[in-house]
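A, B, ... follow the sequence lines: proteins, then strands. Residue 1 opens every chain. What's counted below: heavy atoms across the whole structure, side chains too, no hydrogens, waters or symmetry copies.
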Amino acid sequence: MSIFLAFGLAVLLAWPLGRYMAVVMQGRASRLDVVFGPVERLIYRALRVNPEQGMDWRAYALAFLGSNVALFVIACTVFLTQAWLPLNPDGIPNMSWHTALHTTMSFLTNTDQQHYSGQTQLSYFSQMTAIVTLQVLSPVMGLAALVAVLRGMLGGRNAATSREGEPRDLGNYWADMTRATLRVVLPMCLLLSLALTWQGVPATFSGAHQGTPLDASAGMAKQVIPVGPVSPMVAIKQLGTNGGGWYGPNSAVPLENPTPLSNFMEVVSIPLIPMACIFMAGAFVGRRRFTMLIFAVMGTLCVALTTLAVTSEQQPNAAARGLIADAPNMEGKEQRFGAVDSALWAAMTTQVNNGSVDAMHDSMNPGAGLSTMSAMLINMIWGGIGCGMLGFLIYMWITAFVCGLMTGRTPEVFGRKLETREIKLLSALLVLQPIALLGLTAFTLSVPSITGNSNPAFHGLSQVFYEYTSAYANNGSGFAGLASGTAWWDMSCFVVLALGRFPAVLIPLAVAGSLAAKRAAPAGNGTLRVETPTFGFAMLAVIVLFALLSFMPVLVLGPIGEWLSLSAHSIR
Amino acid sequence: MNSRYYTLDDDGIDTTAADHSVPHASGRAKHGGSGVIWPSIVFALIFVVLCGLVYPVIATLAGHALFPVQAEGSLVRDQGRVIGSALVAQPFTSDRYFSPRPSAAGYDMLTMAGSNLSPGNPDLHKAMSARAAAFAKREGIPEAAVPADMVTASGSGIDPDISLVAARLQAPRIAHARHMPVAQVQALVDASTRGPTFGALGQTRVNVLELNMALDRLAR
C-alpha cells in the first residue's frame, strides 16, 4: 500500500516539476524572474560571464571541471581545519588527510559515501559549508550536463544558423548552474526542511544535549544527544540524490527520520527530481513518446528489482528461523518503519543512486542484497539527477548501434548518425566499470589485512564488492560493517568515485558535441525509430547483458551463493 | 530554433556578436586561460555562501521559530531536568520498566550503529538465541512467542519504539513489580500505542520512554 502511495505521489509531483524545470533550463521568461532575476544578474556580474554566451562541449566540460576543482579545494580545506573554524560547539577535531580527501571527492561526485560518523567527526561549520554546499551543487552539475547533452542531441542552440561540422552551442554552464540552484533546488529544500523539522528533525545551533536516563540502575549515567542544523542537510540529502546523513546510521536514526510520515516524505523525495528530469527531457526534445520510452524501460526494471527487495525482506531472517515464530526480517530495521517500508527505501535508494538508508543493508536477506547491487550496477533506473538520464542515453545509443548492426542500417538517433568516434567513446565507458570494480574487489580480498569486514564467507565478498559498486555508481550506501575509515579504503574508493563520475559526465558531453555538429537526416522509411516497444525491449536486453552479465560471477559468489546456502540447509 | 544569435568563442569568453566570425574548433590552447579560472573560483565562493550558509541558516532559524520543541531534538523533561529525547531509546533493565529493543551500540548516540551482521553469520544466530531465551525467561513465555523486534538489533541502535505485542508481553512483569493491576498497565500501553500513519505508513508502535514516564507519573 505504502509502495503504491509513494510511487504515485512521486510521479504526480514529478510531472509539473519537470515542466517547470524545462522552463527554467530553457531560459524562458517566467513570473519568477522578478524574484530571481536580480540575484542572478548580480552573480553573473561577479563571475564576469554573459549568461547568453554559448559554449561548445569542450568549453562546457572545462567549466564543469573548473568549478569542481575550486569546490574540491574549499571543501577539503574546511575538513582539514574544522577544529579552528567557528560553529564547532562539540569540539570536533580536524579530519585525517585521507578521510578528508575521500569525503570531499565523495560529496563532490554526488556519491556521499561516508567513511566517518557525522555526529563525532564533523563540526556544524563543515556540515553546512562543505557538505550541504556540495550536496546542493553536485546534483545540479549532473542536471546541467544533461541539459547540455539534450541541446547537443538537437544540434545545439545554434542549429539553425550553423553549417555542418561547426562547433555547437550547448548552453552556458554558469547560467545553467545558477538558474537550477536558485530556482529549483534551494526552494524545494527549504520546504522539505521545514516539514522535516515539524516531524522532529532537529534544527538548532546549540551543542549536544545531555540527558539523565530514567532508569538509574541500567548503568548509563548520562546520555549525550547530538543535535545541530540537521534538517536542512537531510532535506538536500534526500532531494539531491546525495544520501550522506548527518548521523552515522543515516535515516535509520530517529532524529534524522522520526516518524512514518517523515519516512514517506524522504522516500518520495528520493526519485522526485530524477523522475522530473525525464519529463523535462521530453519537453526539451518535444516528443512525448520519448518520455514514455524512458518510463517504460526504467519502470520495468524498477518494478522487478523493487519486488525482489520487498518480498525478500518479508521473509524471516535466516538466523531467526526455528528460533521464534516466522516474522519479517527486523534485524537492522526500525520498528516505526518495518520490513516493507524499509525494503522500498532500499530499492529506491539504490535505483536512484541516492544512497541514504533507513535500515542496515548489511543485515538484509540475500534477495535484497541482490536487488540493491543489481540496481547500482545498472545505475540508470531513475538514476542520479541528470546522471541517470545520461546513463539512459548511453544505453540508448549503444542499443541503437547494436540494432543498426543487426538490421544492417546506419545507426542514428533523432536523425544524427552514430559513427566510430562516438561508439569508441561509449565502449570505453562500458569497459571501465568491470575493470575498476572487479580489479579492486579482487585485490582487496586477496589482502585480508586491509579488508576489515564484519562477516564471513559469501557475505564477506559481497561487503567488499558492494562498497566499490556503490562508489562507482556514485550511490554511497554501504554494507556498513566494513572498517572503512582506513587509508586503503579511503584512497581506493577515492579513485573509484572519480572514475564513476567524471567519465560518465564528460563522455556523453563529447558524444553530444560530436553528434550535434552532424547534418540531421530527415526521418524516412529506413530510419531506426527508437520510440517503439521493440526498441524498448532491445534496450532492456542490452542493459541486462552489459550491466549484469559482466558481473554474473561475482554476483553468484556473493548474494546468490549466500541465498542458496541459506535456503539449502536451515542453518545449524 | 530561437531568435537569439550566438557566437561561439572557444573558451566561452564573451565576444561581441557584431561580426559574423565563423567559430573554429581548433585553438584549444586558449582553454584553461582566465576564461574558466576566474568564474570557477568566484562561483565556488558565492555558492558556498548561498548553499552552505544562507540556506541552512534560514532553514534552521525558521524551523526553530515554528517548531521550537522538535528543533531542539524533542527533549523530554521531568521537573525541569532533561531525561533524554522522546526519539532516542534509553537502556532500561529494572523490572519496573518496559525494555526497549536490543541495541548493537549500547544506546550510545556517539557510537550508534546496527549490528551489521548478515543473516548467515553464526554470531547473529548466537545473539538472537540469547535474546530470545532471556526475553522468554523474563516474561515467562515460550521462546517461539517472542516477537521479532525483541530478538533483532535495530538499525540505528537507538530505536525508541517496540511493537505492541512486545509491550503487552512485558506488562504482567511490570504490574507485578509495581504492585499494580495488569489491566491498568495494559490500559497505559494502549494509550501510548500509535498505529500506522493514515492507516498505511509504517507500523504500530509503542514509545518506550514515554510509556515508562507515564508509569512513573501514575506512581506519584
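For chain B, the nearby parts of A:Leu214 are the backbone and the side chain; heavy atoms of each come within less than 4.5 Å. When heavy atoms are compared at a cutoff of 4.5 Å, A:Thr212 approaches chain B by way of both its backbone and its side chain. Neither the backbone nor the side chain of A:Val340 has a heavy atom closer than 4.5 Å to any heavy atom of chain B. With a 4.5 Å cut-off on non-hydrogen atoms, A:Gln127 does not touch chain B at all. Proximity to chain B is limited to the side chain of A:Leu137, based on heavy atoms less than 4.5 angstrom apart. At a 4.5 Å heavy-atom cutoff, the contact between B:Val57 and chain A is made by backbone and side-chain atoms alike. Only the side chain of A:Val136 comes within less than 4.5 Å of a heavy atom of chain B; its backbone N, CA, C and O stay farther away. Looking at A:Phe264, the atoms closer than 4.5 Å to chain B (heavy atoms on both sides) all sit in the side chain, from C-beta outward. Of the atoms belonging to B:Tyr107, heavy atoms from both backbone and side chain fall under 4.5 Å from chain A. For A:Ala46, the parts sitting under 4.5 Å from any heavy atom of chain B are the backbone and the side chain alike. In this structure, chain B has heavy atoms under 4.5 Å from both the backbone and the side chain of A:Val224. In this structure, chain B has a heavy atom under 4.5 Å from the side chain of A:Leu182, while its backbone stays farther away. Interface residue B:Ser118: backbone and side-chain heavy atoms are both found under 4.5 Å from chain A. Residue A:Thr178 touches chain B through both its backbone and its side chain, counting heavy-atom pairs closer than 4.5 Å. For B:Ala132, the part lying under 4.5 angstrom from a heavy atom of chain A is the side chain only. Proximity to chain A is limited to the side chain of B:Asp216, based on heavy atoms less than 4.5 angstrom apart. For A:Leu5, the part sitting under 4.5 Å from any heavy atom of chain B is the side chain, from C-beta outward, and nothing else. Contacts of A:Gln223 with chain B are made by side-chain atoms alone, with heavy-atom separations under 4.5 Å and no backbone atom involved. Heavy atoms closer than 4.5 Å to chain A are found nowhere in B:Ala145, neither backbone nor side chain. Contact annotation for A:Asn263: neither backbone nor side-chain heavy atoms come within less than 4.5 Å of a heavy atom of chain B.
Heavy-atom pairs under 4.5 Å with chain A peak, among B:Asn207, B:Ile41, B:Ile162, at B:Ile162. Between chain B and the options A:Ala195, A:Gly200, A:Gly155, heavy-atom pairs under 4.5 Å are most frequent for A:Gly200. With chain B as partner, the option from A:His459, A:Glu334, A:Met330 having the largest number of non-hydrogen pairs under 4.5 angstrom is A:Glu334. Ranked by heavy-atom pairs shorter than 4.5 Å toward chain A, the options B:Ser129, B:Pro196, B:Ala86, B:Pro68 are led by B:Ser129. Between chain A and the options B:Leu209, B:Leu117, B:Val146, the largest number of non-hydrogen pairs under 4.5 Å is found for B:Leu117. Note on B:Leu75, B:Asn212, B:Asp108, B:Leu66: by heavy-atom pairs under 4.5 Å with chain A, the leading option is B:Leu75. With chain A as the partner, the residue from B:Leu61, B:Leu110, B:Thr197 showing the most heavy-atom pairs under 4.5 Å is B:Leu110. Between chain A and the residues B:Glu72, B:His64, B:Glu143, the largest count of heavy-atom pairs under 4.5 Å involves B:Glu72. Top candidate by heavy-atom pairs under 4.5 Å with chain B, chosen from A:Leu323, A:Val132, A:Thr120, is A:Leu323.
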Worked verdict on A:Phe205 versus B:Thr60 for side chain to side chain contact (heavy atoms under 4.5 Å, CB included) | CA-CA 8 Å; A:Phe205 290 108; B:Thr60 303; 3.7 Å; yes
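Aromatic ring centres of A:Tyr44 and A:Trp174: separated by at least 6.0 Å.
No option in A:Arg157, A:Arg151, A:Gln53 other than A:Arg157 meets the side chain to side chain donor-acceptor pair (under 3.5 Å) test with A:Asp169.
Classification of B:Arg194 and B:Glu210 as a salt-bridged pair holds, one side-chain N sitting under 4.0 Å from a carboxylate O.
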